[in-house]
Asks: 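One structure follows; several queries about it will come next.
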Amino acid sequence: MVEQARVTFIGHIETPYQDLDACPRNVDSQGPICHLVIEPRFQEGLFGLHGGQQILILYWLGEAERTTLQQQSRSSGEWAGVFALRSPNRPNPIGAATLPIETFEKGRIGVRGLDCLDGTPLIDIKPAMPAERD
């Protein structure tokens with residue numbers, strides 16, 4: 001089993017949230033505009049994306065507690081393992097959101113309602129795939 005991996009951040013996220021108390025507890029597609037700011041060396045990789053497209057956004061929640069494996073759900077109050085919750089507190093604090101592109105200009109993608117602090121490192125962007133149905 002591989003114990004270590006290397007992640008290259010492709011940019012950062014601009015949000016209106018400067019501290020954890022102000023940060024929302026979950027993604028809100030009606031929330032404020034946030035910007036994915038892509039480093040110049042990765043901007044060529046944006047080719048083919050377009051406004052209105054649903055994208056999967058992966059980001060690093062660096063303020064998270066990485067040793068917690070169970071915690072109380074904020075919504076139900078019941079205890080659950082971190083893999084059953086959307087909590088940022090987990091062994092690999094990776095945030096994920098699927099949102100439509102609101103704005104798209106050179107090296108900047110605008111989306112609504114991310115749940116992370118201003119300056120959060122951006123891991124990756126992928127086109128969102130709809131779930132297959134039988």
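Excluded from the calculations below are hydrogen atoms, water molecules and symmetry mates; all remaining heavy atoms, backbone and side chain alike, are included. In this chain, numbering begins with 1 at the start of the sequence shown.
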Asks: Looking at every non-hydrogen atom in both residues, tell me the closest pair between Leu46 and Ile125 and how far apart they are.
Replies: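 Smallest heavy-atom distance, with atoms named: CD2-CD1, 4.3 Å.
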
Asks: Does atom CD of Glu44 have more than 12 heavy-atom neighbours, drawn from other residues, nucleotides or ligands, at distances under 6.0 Å?
Replies: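 Atom CD in Glu44 is not packed in, count stays at 12 or less.
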
Asks: Apply side chain to side chain contact (heavy atoms under 4.5 Å, CB included) to Arg108 and Glu14, showing your working.
Replies: CA-CA 10 Å; Arg108 290 173 61 89; Glu14 294 176 350; 3.0 Å; yes

Asks: Out of curiosity, Thr15 OG1 to Ile33 CD1, how far, rounded to the nearest 0.5 Å?
Replies: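 Output value for this atom pair is 12.5 Å.
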
Asks: First locate atom CD of Gln54, then atom CE of Met129, and finally report the distance between them rounded to the nearest 0.5 Å.
Replies: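 Rounded to the nearest 0.5 Å, the CD-CE separation comes out at 12.5 Å.
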
Asks: Look at the side-chain heavy atoms of Ile, Leu, Val, Met, Phe, Trp and Tyr, link any pair under 4.5 Å apart, and say whether Ile123 and Ile38 land in one connected group.
Replies: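 Different hydrophobic clusters.
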
Asks: Donor-acceptor pair, Arg112 side chain versus Ser29 backbone, under 3.5 Å?
Replies: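 Pair absent, no side-chain N/O of Arg112 close to backbone of Ser29.
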
Asks: For the residue pair Gly48 and Gln53, what are the closest heavy atoms and their distance?
Replies: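 Nearest heavy atoms, Gly48 then Gln53: O-OE1, 4.0 Å.
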
Asks: Which Ile, Leu, Val, Met, Phe, Trp or Tyr residues join Val37 in one cluster when any pair of side-chain heavy atoms under 4.5 Å counts as a link?
Replies: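 Members besides Val37: none; it forms no cluster.
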
Asks: Kindly work out whether a path of hydrophobic side-chain contacts (I/L/V/M/F/W/Y, heavy atoms less than 4.5 Å apart) joins Ile10 to Leu99.
Replies: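 Linked within one cluster.
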
Asks: Donor-acceptor check, side chain of Gln72 to backbone of Gly77, threshold 3.5 angstrom: yes or no?
Replies: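 It does hold such a pair.
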
Asks: Distance check, rounded to the nearest 0.5 Å: His35 atom NE2 versus Ile13 atom CD1?
Replies: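 The CD1 atom of Ile13 is 12.0 Å from NE2 of His35, to the nearest 0.5 Å.
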
Asks: Considering non-hydrogen atoms only, spot the tightest contact between Arg90 and Phe83 and give its length.
Replies: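 Heavy atoms of Arg90 and Phe83 come nearest at NH2-CA, 3.7 Å.
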
Asks: With rounding to the nearest 0.5 angstrom, report the CD1 to OG1 distance, Ile57 to Thr120.
Replies: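 Spacing of CD1 (Ile57) from OG1 (Thr120) equals 12.0 Å.
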
Asks: Using every non-hydrogen atom in the two residues, find where Pro24 and Asp115 come nearest and quote the distance to one decimal.
Replies: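 Heavy-atom minimum between the residues: O-CB, 3.7 Å.
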
Asks: Evaluate Phe9 against Leu122 for side chain to side chain contact (heavy atoms under 4.5 Å, CB included), listing each step before the verdict.
Replies: CA-CA 5 Å; Phe9 299 128; Leu122 181 61; 6.0 Å; no

Asks: Looking at Asn92 and Ile94, would you say the former's side chain and the latter's main chain have a donor-acceptor pair under 3.5 Å?
Replies: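 Side chain of Asn92 to backbone of Ile94: no pair is present.
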
Asks: Answer yes or no: is there a donor N or O on one side and an acceptor on the other, between the side chain of Asp118 and the main chain of Tyr17, under 3.5 Å?
Replies: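 No, Asp118 side chain to Tyr17 backbone: no donor-acceptor pair under 3.5 Å.
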
Asks: State the CG-CD distance between Leu117 and Gln18, to the nearest 0.5 angstrom.
Replies: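 Between Leu117 CG and Gln18 CD, I get 8.0 Å after rounding to 0.5 Å.
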
Asks: Are Phe42 and Leu58 connected into the same hydrophobic cluster when the rule is that any two of I, L, V, M, F, W, Y join if their side-chain heavy atoms are below 4.5 Å apart?
Replies: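 No: no chain of side-chain contacts under 4.5 Å links Leu58 to Phe42.
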
Asks: Does the pair Ile55 and Ile109 meet the rule for a side chain to side chain contact (heavy atoms under 4.5 Å, CB included), with working shown?
Replies: CA-CA 10 Å; Ile55 54 173; Ile109 297 173; 4.2 Å; yes

Asks: Would Arg41 and Thr8 count as a side chain to side chain contact (heavy atoms under 4.5 Å, CB included) here? Give the steps.
Replies: CA-CA 12 Å; Arg41 66 187 176 130; Thr8 300; 3.8 Å; yes

Asks: If every non-hydrogen atom of Val82 is compared with every non-hydrogen atom of Pro91, which pair is closest and at what distance?
Replies: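 Looking at all heavy atoms of both residues, the closest pair is CG2-CD, 4.2 Å.
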
Asks: If you compare all heavy atoms of Val27 against all heavy atoms of Tyr59, which two are closest, and at what distance to 0.1 Å?
Replies: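 Closest pair (atom of Val27, atom of Tyr59, distance): CG2-OH, 4.0 Å.
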
Asks: In the hydrophobic clustering that connects Ile, Leu, Val, Met, Phe, Trp and Tyr at side-chain heavy-atom distances below 4.5 Å, which members other than Leu85 occupy its cluster, ordered by chain and number?
Replies: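 Its cluster mates, by chain and number: none.
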
Asks: Rounded to the nearest 0.5 Å, how far apart are CG of Asn26 and CZ of Arg86?
Replies: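 It is 4.5 Å, given to the nearest 0.5 Å.
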
Asks: Identify whether Leu56 and Trp60 are in the same connected component of the hydrophobic contact network (ILVMFWY, side-chain heavy atoms under 4.5 Å).
Replies: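 Same cluster: Leu56 reaches Trp60 through Ile, Leu, Val, Met, Phe, Trp or Tyr contacts under 4.5 Å.
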
